[in-house]
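Only one structure is covered here, and it is reproduced in the block below.
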Amino acid sequence: MNLITNLKQSTSKCIHTLYGVNIPADQVLVNATKPEIEGDYTIVLFAFVKQLGKSPDALGNELGAAMMADMPGILNQFNIVKGFLNFTISNDYWFDFINSTDPNQLVPATENKQKIMVEYSSPNTNKPLHLGHLRNNFLGWSIAEILKLQGHEVFKTCIVNDRGIHICKSMIAWQKFANGATPADTHQKGDHFVGDYYVKYNDAYKAEVADLVAGGMLLETAEKEAPILKSAQAMLLLWEQGDAATIDLWKRMNAWVYEGFEVTYNKIGSDFLKTYYESNTYLLGKELVEEGLTKKVFFQKEDSSVWIDLTVDGLDEKIVRRKDGTSVYMTQDIGLAQLKQKEFNTDASIYVVGDEQNYHFKVLKLICQKLQLPAADGIYHLSYGMVELPTGKMKSREGTVVDADDLLEEMINISKEKTEALGKVSDFTPAQLEELYNTIGLGALKFFLLRVDPKKKMIFNPEESIDFHGFTGPFIQYTHARIKSILRKTGTTITLTANELLPLEKQLAIELSIFPAIINEAADNLDPSKIAIYAFNLAKLFNTFYTEHSIANADSETKKQLRIKIGILTAATLQKTMGCLGIAVPEQM
RNA sequence: GGUUCGGUAGCUCAGCUGGAUAGAGCGUCAUCCUUCUAAGAUGAGGGCCAUUGGUUCGAAUCCAAUCCGAAUCACCA
């Protein structure tokens, strides 16, 4: 039970005893007291003044006294300033908090344990991962970690979009231009290798269209008649018919891509309990469409295409099966929703997908509900905003995409340069150094992408992202390393004795005490940025404390012991928070 | 045009279930390393919280309208 909840309940209880009026605890507003005013926590009285017919001062005095009696040993004194009831929490309470908190048990497990699936990453197999994928991967991984920390059972999954016309385009281009070359021949990462052929396809396509137009064809017609497009379409048909040679090539090229993805996933720490492939799941959706037809959830048009009418829900009609019987995106997702729920018996399923698909997921959930699939109500779309560059949107056609592998390499190089320039790790082995550069470079990048509200689109400014000062991952990593450095000197075996806390010591205790609440907030909102902000505030506060007070050379042994424990708890909390973001914290840097 | 989301310091963002004088970081300027790691700390400067109206003891926060920006409304995934 945390202190704020306690205060709310006590307020509600005391008002009831004093005046016989029921005010639910969750309607009580408890804030941290403004720094200039005496006190730790503040209850806003205005909300009750009218209802109780009391003046703020009179109410404050009566309520304050009653609550002091209700929470003995915790509340020390109170004052009233302009309708705000400020309580000072007793020194004993905070000392006891520091004394009794176990650094290995910072977050109590939830009582409402659930099985939750987090689907994220979801790449296409025709091009390498880019900056947008990184935001997706970091978000998905982090959300899973936060839910785990709460005590839920979490399954991380990935759906690979491995079939369709776009895949055929790379395949055609490879056939035409590669001359049998492989990633091994060209010493290229497989996903980049295949991605290059996707680009080559587009170049060839554009050239062909231009030729046709030059020959007198209308642009519109030319765009449909370009021979290379025709070949790709023919190939898709062959693929769907199961043509051996086509399937063979498809498998071969996809394998190259997966090899490349694997390298990147390993580097960024993305992992999946299970990977689903669209080529395996799209048939399932079709069965559900049949079922929906019998249940009359769907209807068929004259051309035999199948639709759902969502106009009563304020949406449009949506196609779920083409006239030729092939499946669309929605068909596959219906099937996948059903499959995932069945296989893992999930209570909820979180889809980490960009906000351009808000409409799709709204419709998906509606359809699943109308089909009465067990998965339906648990569908939750974690919609995140696009990553844009200061120059505008990333567009693959204009070559303004930030490639994930390039960016990772750059960040790691920068962290290497900066670390070397500071020269604090001369005792590291080459292997340790490499690990440290990775930790810092990746930490900077992950923190940068996770520190803003996922729902909002974000601007990726390369100069800002490589900053290692201020509101950044390395700042927090550094604070952690600093604490660890002190603890190496002082040791961590301690015996605490009661102790009058200085203001900064108390502030740290307060900040540390809200960690579980922050985790809950981040989990409820599926928002890791709450954790990033918290970690930053905690680190900043510790740094202020660090410059003001010495741990190793504290005035007394009691103080020293107390501060060591504060150091232990701060380091542990920083490590946990950063762990939730997928960021490691070094012992030394 | 419909729907959804956004507009807060020069830049990037917090704050939004209404509460005290709107906060950080970066950048700018100025201080602090014979003292536990200066990837740090301290201070200064920087704001009609898009606009207008409403609700009330109180509005960046809620409501309405307007302006600006984005996404989406595909037999692409």
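Order of the sequence lines fixes the chain letters, A, B, ..., with proteins taken first and strands second; residue numbering starts at 1 for each chain.
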B:G40: pairing nucleotide in any strand, Watson-Crick or G-U under 3.5 angstrom: B:C32

Please work out if A:Tyr359 contacts a base, only the sugar-phosphate, or nothing of the nucleic acid, heavy-atom cut-off 4.0 Å. sugar-phosphate

A:Asn520 CG to A:Ile518 CD1 distance, which is reported to the nearest 0.5 Å: 9.5 Å

Got a donor-acceptor pair under 3.5 Å from the side chain of A:Ser529 to the base of B:A14? no

Pair A:Glu317 + A:Lys301, salt bridge at N-O below 4.0 Å: yes

Name the nucleic acid region contacted by A:Thr544, choosing base, sugar-phosphate or nothing; use a 4.0 angstrom heavy-atom cut-off, strictly under. sugar-phosphate

Report yes or no: is the ring centroid of A:Tyr546 under 5.5 Å from the six-membered base ring centroid of B:A41, with the two planes under 30 degrees? no

Please report the C-alpha distance between A:Asn79 and A:Asn86 in whole Å, then the side-chain angles of each, then the deciding distance to 0.1 Å, and finally whether the side chain to side chain donor-acceptor pair (under 3.5 Å) criterion is met. CA-CA 5 Å; A:Asn79 64 70; A:Asn86 308 307; 2.8 Å; yes

Is the ring of A:Phe536 stacked on the base of B:G25, with centres less than 5.5 Å apart and planes under 30° off? no

Do the side chains of A:Lys530 and A:Asp527 get close enough for a salt bridge, i.e. N-O under 4.0 angstrom? yes

Could you tell me which nucleotide pairs with B:U21 by Watson-Crick or G-U wobble geometry, both distances under 3.5 Å, or answer none if nothing does? none

Check every strand shown and say whether A:Lys560 touches a base, only sugar-phosphate, or nothing at a heavy-atom separation below 4.0 Å. nothing

Which is true for A:Thr42 with a 4.0 Å heavy-atom rule: it touches a base, it touches only sugar-phosphate, or it touches nothing? base

Looking only at N and O atoms, is any donor in the side chain of A:Asn537 or the base of B:A14 less than 3.5 Å from an acceptor on the other one? no

Does A:Lys416 pair with A:Glu434 as a salt bridge, N-O distance under 4.0 Å? no

Complement of B:A70, any strand, by Watson-Crick or G-U distances under 3.5 angstrom: B:U4

Would you classify A:Met589 as touching base, sugar-phosphate or nothing, given that sugar-phosphate means primed atoms plus P, OP1 and OP2, and contacts are heavy atoms under 4.0 Å? base

Restricting to side-chain contact (heavy atoms from CB on, under 4.5 Å), what partner residues turn up for A:Asn553, sequence neighbours left out? A:Ser550

Can you check whether A:Leu502's main-chain N or O pairs, donor with acceptor, with A:Glu505's side chain at less than 3.5 Å? yes

Contact class for A:Glu388 vs. all strands (heavy atom < 4.0 Å): base, sugar-phosphate, or nothing? nothing

What integer distance in Å separates A:Ile80:CD1 from B:A20:C1'? 15 Å

5'-most by nearest nucleotide on RNA chain B - A:His469 or A:Asn553: A:Asn553

A:Glu587 vs A:Lys455, nearer the 5' end of RNA chain B by closest nucleotide: A:Lys455

Are the side chain of A:Lys286 and the backbone of A:Gly325 linked by a donor-acceptor contact shorter than 3.5 Å? yes

At a heavy-atom distance below 4.0 Å, what parts of residues 299-306 of chain A sit against RNA chain B? A:Asp303, A:Ser305

Of the nucleotides B:C73, B:A14, B:A20, which one has an atom closest to the side chain of A:Asp316? B:C73

Over all strands shown, is A:Val44 touching base, sugar-phosphate only, or nothing at heavy-atom distances under 4.0 angstrom? base

Per atom distances to the A:Lys457 side chain, the nearest of B:G40, B:G69, B:G25 is B:G69

Side chain of A:Ile165 (C-beta onward), nearest among B:G40, B:C26, B:C76: B:C76

Which part of the nucleic acid, if any, lies within reach of A:Asn543 when heavy atoms closer than 4.0 Å are counted: base, sugar-phosphate only, or nothing? sugar-phosphate

Contact class for A:Leu315 (heavy atom, under 4.0 Å): base, sugar-phosphate, or nothing? nothing

Counting any heavy atom closer than 4.0 Å, what does A:Ile459 reach on the DNA or RNA strands: base, sugar-phosphate only, or nothing? sugar-phosphate

